Amino acid sequence: MHLMSLALPQEPADGIAGWAADLVETMGGPGAGLAIALENLFPPLPSEVILPLTGFAAGQGVLTLASALFWTTLGSVAGAVVLYGIGMLFGRERMHAIWARLPLVKASDLERTEDWFAKHGTKAVFLGRMVPIFRSLISVPAGVERMPLPVFVMLTTLGSLIWNAVLVMAGYWLGDQWEVVETYVSVVSKVVLVLVVVALAVYVAVRLRGRNQARHRRAS
């Protein structure tokens, strides 16, 4: 059965859903894996579209459900390992050099972050794979901090499998209503983004206030 004929009528042929549908129809499971690997490297490509659509395709017999889960998880891990490698090549020293040039931050802030990642990095990588936006980003500090690669791959695989299974199965069960998944996950993504922006704004405000108070003390 031609997958594009099953896509949403309102989805343009050159849209993300159309592109993902073409990949899955042409390549089957490996096509879904490639789409998700690219989603990890380029977060604007939404997994909340690609994964439910892959589940929908599995429900229509374009590929098996097992193949959908295997290849999308493999793609997630492959993309994450590339980002891990970028973080590892970027390195701790270069990170410190760049950090030292940034306004409103101190070397001690980065050191505390490194200490936190050393203590909680395994949880951060595992849970981060199930948080929109941070799914990709969490791989970079793991590489910078040289988390053992086997541990990183294991945590990424488990976290990715859970996230992928939820969205793929949702698309599988919802059938031609798979786009409902995107609506709900998009809301979660927006909430996470707002929380991050608020946290950064509070951090900058506190840092500026501390600097102003220090200047007043020196002036007096």
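Given the structure is predicted, the values throughout are model-derived calculations rather than measurements.
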According to side chain to side chain contact (heavy atoms under 4.5 Å, CB included), who are the partners of L158, at least two apart in sequence or on a separate chain?
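Here the qualifying residues are F126, M154.
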With sequence neighbours excluded, what pairs up with P150 under the side chain to side chain contact (heavy atoms under 4.5 Å, CB included) test?
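P150 satisfies side chain to side chain contact (heavy atoms under 4.5 Å, CB included) with P148 only.
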Out of curiosity, F152 CZ to E145 CD, how far, rounded to the nearest 0.5 Å?
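Separation between the atoms: 13.0 Å.
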Hey, could you give me the CG/OG1 distance between L34 and T26, rounded to the nearest 0.5 Å?
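The distance works out to 11.0 Å.
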Is any side-chain heavy atom of E39 closer than 4.5 Å to a side-chain heavy atom of L51?
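E39 does not reach L51 side chain to side chain.
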Kindly give the cluster partners of L74, where membership spreads through any ILVMFWY side chain lying under 4.5 Å from a current member.
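Members besides L74, by chain and number: F70, W71.
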Going by the rule side-chain hydrogen bond (donor to acceptor under 3.5 Å, both in side chains), which residues pair with S139 if we only count those two or more places apart in sequence or in a different chain?
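With neighbours one apart ignored, the set is empty.
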Shortest non-hydrogen contact from T72 toward A32
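Where T72 meets A32 most closely, the heavy atoms are CG2-CB, 3.9 Å.
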Mind listing the closest non-hydrogen atom pair of S76 and I36 along with its distance?
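For S76 and I36, the tightest heavy-atom pair comes out as OG-CG2, 3.0 Å.
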Side-chain atoms of residues 79-90: list all donor-acceptor pairs with protein atoms under 3.5 Å, sequence neighbours left out, distances to 0.1 Å.
| residue | atom | partner | partner atom | Å |
| --- | --- | --- | --- | --- |
| Y84 | OH | M147 | O | 2.4 |

Is it the case that the side chain of S67 and the backbone of L63 share a donor-acceptor pair, with hydrogens and angles ignored and the cut-off at 3.5 Å?
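The answer is no, because no donor-acceptor pair under 3.5 Å joins these two groups.
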Can a donor-acceptor pair be found, under 3.5 Å and without considering hydrogens, that links the side chain of N164 to the backbone of L69?
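No, because the side chain of N164 does not come within donor-acceptor range (under 3.5 Å) of the backbone of L69.
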Side-chain heavy atoms nearer than 4.5 Å, only ILVMFWY residues, links allowed to pass through others: does that put L161 and V151 together?
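In one cluster: no.
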Transitively linked via ILVMFWY side-chain contacts under 4.5 Å: L155 with L127?
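Yes; L127 is reachable from L155 via cluster members.
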Tell me which pairs pass side chain to side chain donor-acceptor pair (under 3.5 Å) where either residue lies in residues 149-161, with sequence neighbours left out.
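For residues 149-161, and leaving out neighbouring residues, the side chain to side chain donor-acceptor pair (under 3.5 Å) pairs sorted by first residue read R129-S160.
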